[in-house]
Number of protein chains: 2
Amino acid sequence: MNISDAAARSGVPPKTIRYYEEIGLVRPLREGNGYRVFRESDVHKLAFLGRARALGFGINRCRALLALWEDEARASAEVKQIASGHLDAIDAKIADLRAMRETLADLVQACAGDDRPDCPIIRSLETSGNPPAKEGRFGRNGDEGV
Amino acid sequence: MNISDAAARSGVPPKTIRYYEEIGLVRPLREGNGYRVFRESDVHKLAFLGRARALGFGINRCRALLALWEDEARASAEVKQIASGHLDAIDAKIADLRAMRETLADLVQACAGDDRPDCPIIRSLETSGNPPAKEGRFGRNGDEGV
DNA sequence: CTTGACCTTCCAGTGGATGGAAGCCCTATC
DNA sequence: GATAGGGCTTCCATCCACTGGAAGGTCAAG
């Protein structure tokens, strides 16, 4: 089967499939004319990736999950560890967003939203009261971001 | 003042300041030797940007907020609209993450996490029961992502 | 005069794709 | 046999918001 069929059957777009091949997540065969040929197993693998990505797993974690999926002798503990790591990352992200949301919602709430220039949102941004974040926003996070 | 002082006083790293200049968010002066020279107003503007970014505003929204900040005749409604748009984006993102979190937490919960291969997480990923997302994960979102 | 801390620019890479151009391949129709 | 169209290929650029690092200029202290 060609790439567009594989895309339709797996739910992963052709461009993305080519990208996944490029980074070594799938290895479709090739026909004499250079066209990719997808087996059932490739489609199945792509669908697996699609679902893992839909749960927010990063590519590296998808790669690890894929390897475990194909490893008959895997320990479920390994799978669980990857998923737990991701869950923690999601929780951290949610916490960040909720903190932002709370501040922001208060400000929006307090803003008259009329044609006058006075605005608590602007005031908050221009005032040192709301410190420029001591840590975290800038700089690398060692592990996968969500 | 030079870039490292501006960085220390605004909380925005030198690299980021250079980047902000490149995309036109700040316009420091230049000394004869090519060094950037930052005025108080530049530092103030950088701190503003730092706080806006810390609230998750995208660069485009920061640009708009900056323009409104400097516009004495602004209508607070304009500010509020930008902030509300961002708030909606955050809410959408939180909703996405919570949906992921819920599914994932259930799976992690159900996984024994021992040395046996059987694993509900893997089973869920390999099974079409969990559909590969009908819409949303792939494809452009017209507006700012959070 | 050298050392070392600054500063500059430029290029590359991050994650995870997406958009588009240029050009081959295949099938159908005239 | 020519041509039109769709599908396929590769490659390069773009998004977001930086970050890292190399190569080299500048400055004050010792």
Side-chain angles (χ1 to χ4, degrees), chain A residues 1-8 10-26 28-38 46 49-64 86 89 93 96 132-133 136-146, chain B residues 1-8 10-26 28-38 46 49-63 66 86 89 93 96 132-133 136-146:
Chain A
M1 135 182 43
N2 284 344
I3 199 167
S4 61
D5 295 316
S10 66
V12 179
K15 278 254 161 188
T16 306
I17 295 177
R18 294 195 190 97
Y19 170 66
Y20 286 172
E21 182 186 17
E22 190 186 325
I23 63 174
L25 286 179
V26 276
L29 303 173
R30 293 288 178 144
E31 259 174 325
N33 55 16
Y35 285 22
R36 289 169 182 83
V37 180
F38 294 83
L46 286 168
L49 287 168
R51 286 186 285 264
R53 291 289 299 123
L55 283 179
F57 285 101
I59 290 295
N60 282 341
R61 282 191 172 119
C62 285
R63 203 185 294 275
H86 180 45
K93 188 77 188 170
D96 281 0
R137 174 170 39 105
F138 300 115
R140 278 303 72 226
N141 52 340
D143 211 343
E144 312 231 353
V146 180
Chain B
M1 123 185 51
N2 283 345
I3 198 168
S4 61
D5 294 316
S10 66
V12 179
K15 279 251 159 188
T16 305
I17 295 177
R18 293 196 190 97
Y19 170 66
Y20 286 171
E21 183 187 17
E22 191 187 324
I23 63 174
L25 285 179
V26 275
L29 303 172
R30 294 287 179 146
E31 258 174 325
N33 55 14
Y35 285 22
R36 288 169 183 83
V37 180
F38 294 82
L46 286 168
L49 287 168
R51 286 186 285 264
R53 292 288 302 123
L55 284 179
F57 284 102
I59 291 293
N60 281 342
R61 283 191 172 118
C62 285
R63 202 186 295 275
L66 213 44
H86 180 45
K93 188 78 189 170
D96 281 0
R137 175 170 37 107
F138 301 114
R140 278 303 74 225
N141 52 340
D143 210 342
E144 313 232 352
V146 181

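Lettering follows sequence order; numbering is per chain, from 1. Keep in mind that the numbers below use all heavy atoms, side chains included, and drop hydrogens, waters and symmetry copies.
- No side-chain heavy atom of A:R36 sits under 4.5 Å from any side-chain heavy atom of A:N2.
- Proximity of a side-chain donor or acceptor of B:H86 to a complementary backbone N or O of B:G58 within less than 3.5 Å is not detected.
- For C:dG20, its base sits under 3.5 Å from the side chain of A:K15 at one donor and acceptor pair at least.
- The shortest distance between the side-chain N/O atoms of B:R36 and the OP1/OP2 oxygens of C:dT9 is below 4.0 Å.
- The distance between atom CD1 of B:I59 and atom C1' of D:dC15, rounded to the nearest whole Å, is 13 Å.
- If you measure from atom NE2 of B:H86 to atom P of D:dA17, you get 10 Å, rounded to the nearest angstrom.
- Taking 4.0 angstrom as the limit, A:Y20 places a side-chain polar atom (N or O) nearer than this to OP1 or OP2 of C:dA17.
- Exactly one residue among B:L66, B:I17, B:I59 makes a side chain to side chain contact (heavy atoms under 4.5 Å, CB included) with B:L49. That residue is B:L66.
- Nucleotide D:dA28 holds its C1' atom 14 Å from the CD atom of B:E31, rounded to whole Å.
- Applying the 3.5 Å distance criterion, the base of C:dG15 shares no donor-acceptor pair with the side chain of A:Y19.
- Backbone-only engagement by A:I3 is indicated by non-hydrogen atom pairs under 4.0 Å involving sugar-phosphate atoms exclusively.
- Within the 4.0 Å cut-off from OP1 or OP2 of C:dT9, at least one side-chain nitrogen or oxygen of B:R30 is found.
- Whole-Å rounding puts the B:I17 CD1 to D:dA17 P distance at 17 Å.
- Residue A:N33 has a polar side-chain atom (N or O) positioned under 4.0 Å from OP1 or OP2 of C:dC26.
- Taking 4.0 angstrom as the limit, B:T16 places a side-chain polar atom (N or O) nearer than this to OP1 or OP2 of D:dT19.
- Whole-Å rounding puts the A:E22 CD to C:dT18 C1' distance at 13 Å.
- Counting to the nearest Å, the C1' atom of D:dC8 and the CE atom of A:M1 are 16 Å from each other.
- The nearest heavy atom of DNA chain C to B:D5 and to A:Y35 marks one nucleotide each, and the one closer to the 5' end goes with B:D5.
- Side-chain contact check for A:L46 versus A:F38: some heavy-atom pair is nearer than 4.5 Å.
- A straight line from CD1 of B:I23 to P of D:dC18 spans 8 Å, rounded to a whole angstrom.
- Using a 4.0 Å heavy-atom distance criterion, A:R18 is classed as a base contact.
- Distance, A:L25 CG to C:dG16 C1': 11 Å, rounded to whole Å.
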For side chain to side chain contact (heavy atoms under 4.5 Å, CB included), just list the numbers for B:Y20 and B:R53, CA-CA rounded to whole Å, side-chain angles, deciding distance to a tenth of an Å, and then say yes or no. CA-CA 12 Å; B:Y20 286 171; B:R53 292 288 302 123; 3.5 Å; yes
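- Side chain of A:S4, nearest nucleotide from C:dA17, D:dT19, D:dG7: D:dG7.
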